[in-house]
Amino acid sequence: MSKRLLTIFALIAGLLFLTTDCRAESTTDKTPKQTQTAYTSYHDCIRLYKLPFGKLYFLALSAANSLGYEIKEMQSRNGYIIIEAEGREFLLNTNVKNKSYTYLKLAPCDNNYYFNPQIPKKIFNYIDLNFNMDIKDLKF
């Protein structure tokens, strides 16, 4: 009888051990894996376009909107757009070089350049694709 009780106890202990082990594995699977962010160079965040200031500003605004970034604040007179992308805030700034050339610069608001380098690439690619698009006023 004691042998049977001992084997039953061993089976129950083994089953309890297996179930607690499975629970531990399931919680580790549900934890999000931390992704390493790469350092984005300052030179990858600035580009010179042969566009007038107004057109580049509206293309940058359109790029932020179409890429799904939240537009927090914008100032059309100075060419500032504050966007939120991937949980961080960025400043899109358009600066006039002369009548036909304008710089577009993307800078993180906290001045920490450890972020996904795809963010400026996506914005610049959108502007490159829509370079010749006409800007039209909407009338309501």
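Here the structure is a predicted model, which means the values were calculated and not measured.
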Q. What pairs of residues pass the side-chain hydrogen bond (donor to acceptor under 3.5 Å, both in side chains) test when at least one of them lies in residues 96-115, not counting sequence neighbours?
A. Arg88-Asp110
**Q.** Residue pair Pro120 / Thr40: nearest heavy atoms and the distance that separates them
**A.** CG-CG2, 4.3 Å
Q) For Tyr42, does the OH atom sit with more than 12 other heavy atoms under 6.0 Å from it, leaving out its own atoms? A) no
Q) Is there a side-chain contact between Leu104 and Leu59 (heavy atoms, below 4.5 Å)? A) no
Just list the side-chain donor-acceptor pairs under 3.5 Å for residues 44-53, sequence neighbours left out, or say none.
| from | atom 1 | to | atom 2 | distance (Å) |
| --- | --- | --- | --- | --- |
| Arg47 | NH1 | Asp128 | OD2 | 2.9 |

Q | Considering all heavy atoms, the nearest Ile83-Ala64 contact | A | CG2-CB, 3.7 Å
Q: Tell me, please, which residues at least two apart from Glu89 pass side chain to side chain donor-acceptor pair (under 3.5 Å).
A: none
**Q.** Minimum heavy-atom distance Ala60-Leu92, with the two atoms named
**A.** O-CD1, 4.1 Å
Q | Residues in ring-ring contact (aromatic ring centres under 6.0 Å, His included) contact with Phe90, at least two apart in sequence or another chain | A | Phe115
Q) When hydrophobic residues are tied together by side-chain contacts of less than 4.5 Å, even through go-betweens, does Ile82 share a cluster with Tyr80? A) yes
Q | Fellow cluster residues of Leu129, listed by chain then number, with links counted only when side-chain atoms sit under 4.5 Å apart | A | none
(Q) Applying a strict under-4.5 Å side-chain criterion to I, L, V, M, F, W and Y, I'd like to know whether Val96 and Ile127 cluster together. (A) no
(Q) Can you tell me how far apart NZ (Lys121) and CG (Asn116) are? Round to the nearest 0.5 Å. (A) 9.0 Å
Q. Hey, quick one: are Leu56 and Phe58 part of the same hydrophobic cluster, counting side-chain heavy atoms closer than 4.5 Å, chains of contacts allowed?
A. yes
Q. What pairs meet the side-chain hydrogen bond (donor to acceptor under 3.5 Å, both in side chains) rule with one or both residues in residues 52-75, with sequence neighbours excluded?
A. Ser62-Tyr126, Lys72-Glu84, Gln75-Asn78
Q. Linking I/L/V/M/F/W/Y whenever their side-chain heavy atoms sit closer than 4.5 Å, directly or via other members, would Ile119 and Leu67 fall into one cluster?
A. yes
